[in-house]
Amino acid sequence: MHEAYEKLSRKMEELGQLEQISGILHWDQEVIMPSGAAQARAGHLSVLAGIQHQKLTDPSIGQLLDQLDSQFPNGFDNFQQCNIQEIRRRYDREIKIPVDLVQELAELGSRGHHIWVKARQENKFSEFAPVLERLIELKKQWAHHIDPHCPPYDILIDDYERGLTMKQVDPIFDVLKAELVPLIRSIQESSYQPDVSFLQGEFSVEKQEALGRTISEELGFDFDKGRMDISVHPFCGGGDPTDVRITTRYGSDNFMESLFAVIHETGHALYEQGRMERDRALPVSEALTTGIHESQSLFWERMISKQKAFCDYYMDLFRKTFPDNLKGVDSEAFYEAINVSRPSFIRVESDEVTYPMHIILRYEIEKGIFDGTYAVSDLPEVWNNKMSDYLGIRPATDVEGILQDVHWSGGAFGYFPSYTFGAMYACQFYNAFKKEAPGLEDWVRNGKFQSIKEWLNRNIHVKGKLLSTENLLKEVTGEGLNPEYFIAYLKNKYDKIYRLKPKA
Ligand code: ZN
């Protein structure tokens, strides 16, 4: 084994351990930490972040990389090559950013979050606007340090969805917009609207918890290497692939929200638990991108568990769990009810047809922020106008509009496109899988989830960062991203549910 590579690997493993420690601290903060400890915890996390930055920018890493560069790629297998390239990229990026910028971003990201929470409570965008303005300025500087010749927003998107640029996003979002806006309108205007009354009522939280746990386990979540808890916003976190922690939240008037959050987070968790055995502490084994991670949660949440066959398999269990609420409800009615589509102000409450419009709206706004089209003070109005154009509804307050998402308060610009790219990847993966296994729906109808999980393990999870997103898609589906699968899926499904196309 190459000595410089060995040394570099040890250093990266150490960084990985620090990352895992910070993951556990984050989980603790969201799940069990007393609120009074917020300041102390911010201190722990910031010290850790400082140590990580220091270790990553240590000149010895640069020297080791230089030594490896002189021989690259000869003598290194593709795992090692991937590790070297990933470390080179992280190191080069990290050393380009001045420390005071790193610190100001971290400090403002944390303070900005508190200011956003307060502005949201008081429905006052003007309270948040100055912080937002400064965060945008800092992120522009950040992008400029990384590559002064590249549009800043492309650099920001690339941080979440490697290689993706506005040039690629624009035409795809234009197609989605052109197809979905009329579909959303037809759904609204349809004279047939599914009955959802049985999804409302009282649902014991204890029973919801047991139901979520059962289904998560049947989908393949390994509770010996993971946990399920409660948090305000559901997430999948933890440390190592042997310690994957998912959360959900419960409302006693609704069991769908907690259940689909569990299924969604289980999808993320299966990706983490399914990572390659080799090099687990090194970059090559990590999830490919934010969008691919999201494709794994949405694969289970939408492609599998929002299909009729899934309702067929679980209808007895649903009825047994909530006999009073679901008495006489068959799987067809249940399927239609969980797939109701209706424009809503809040992104996280929206359905799969309207969700992309929430993302396109944010994407267009972020793009306009970073190319100078929009001033921060114009944003509430821009937001509300777009909402009205795309979904036909106009927020009455900023809480229902521009203040709803946490992302910007921490400086996370460029994140949103990953959600919809994840949805499109998930759909394209599902189509490829179905071609390979025409009996896929019968597997779902018979609860053969193990075979589905193994397909994802084999084709996506163990691939880590070995391939680019484009090449992963090509390898698994035979082509690069093609939004037509997603559009066709939505049209076919919702034409049927809402009886939109009279048979010719
Ligand atoms: Zn997710």
Salt bridge or not for Lys367 and Asp371, using N-O below 4.0 Å? no
Should Lys465 and Gln85 count as side-chain neighbours, where that means a heavy-atom distance under 4.5 Å? no
Where do Phe429 and Met303 land on the side-chain contact (heavy atoms from CB on, under 4.5 Å) test, with the steps shown first? CA-CA 10 Å; Phe429 287 143; Met303 306 315 297; over 6 Å; no
Taking the six-membered ring of Tyr419 (Phe, Tyr or Trp), confirm whether the NZ or CZ of Arg347 is under 6.0 Å from its centre and within 45° of its axis. yes
Does the pair Arg93/Asp158 count as a salt bridge with the N-to-O cut at 4.0 Å? yes
How about Thr165 and Gln168: does a side-chain donor come under 3.5 Å of a side-chain acceptor? yes
Has the side chain of Gln404 got a donor or acceptor atom that lies under 3.5 Å from a matching backbone atom of Phe345? yes
Any side-chain heavy-atom pair from Ile460 and Phe299 closer than 4.5 angstrom? no
Without hydrogens or angle criteria, can the side chains of Ser388 and Asn385 be said to hold a donor-acceptor pair below 3.5 Å? no
Using a strict threshold of under 4.0 Å (side-chain N to carboxylate O), is an ion pair present between Glu364 and Lys177? yes
Among Tyr363, Tyr160, Phe173, which residue satisfies the ring-ring contact (aromatic ring centres under 6.0 Å, His included) criterion with Phe421? Phe173
For Gly291 and Tyr425, work out which heavy atoms get closest and say how close. O-CD1, 3.7 Å
So, for Thr290 and Ser418, which heavy atoms are closest and what is the spacing to 0.1 Å? CB-OG, 3.8 Å
Got a sec: does the NZ of Lys124 have more than 12 other heavy atoms crowding it under 6.0 Å? no
For the residue pair Arg111 and His114, confirm or rule out a side-chain donor-acceptor distance under 3.5 Å. no
Any heavy-atom pair between the side chains of Phe203 and Leu211 that's under 4.5 Å? no
Is the backbone of Ala396 close enough, under 3.5 Å, to the side chain of Glu400 for a donor and an acceptor to pair up by distance? yes
Check whether any side-chain heavy atom of Leu176 sits under 4.5 Å from a side-chain heavy atom of Phe486, and report yes or no. yes
Side-chain donor-acceptor pair under 3.5 Å between His293 and Glu272, yes or no? yes
Is there a donor-acceptor pair under 3.5 Å between the side chain of Lys474 and the backbone N or O of Glu479? no
Take atom NZ in Lys493; do more than 12 heavy atoms of anything else shown fall under 6.0 Å from it? yes
Ring-face cation contact, Phe413 with Lys140, 6.0 Å cut, 45° max: no
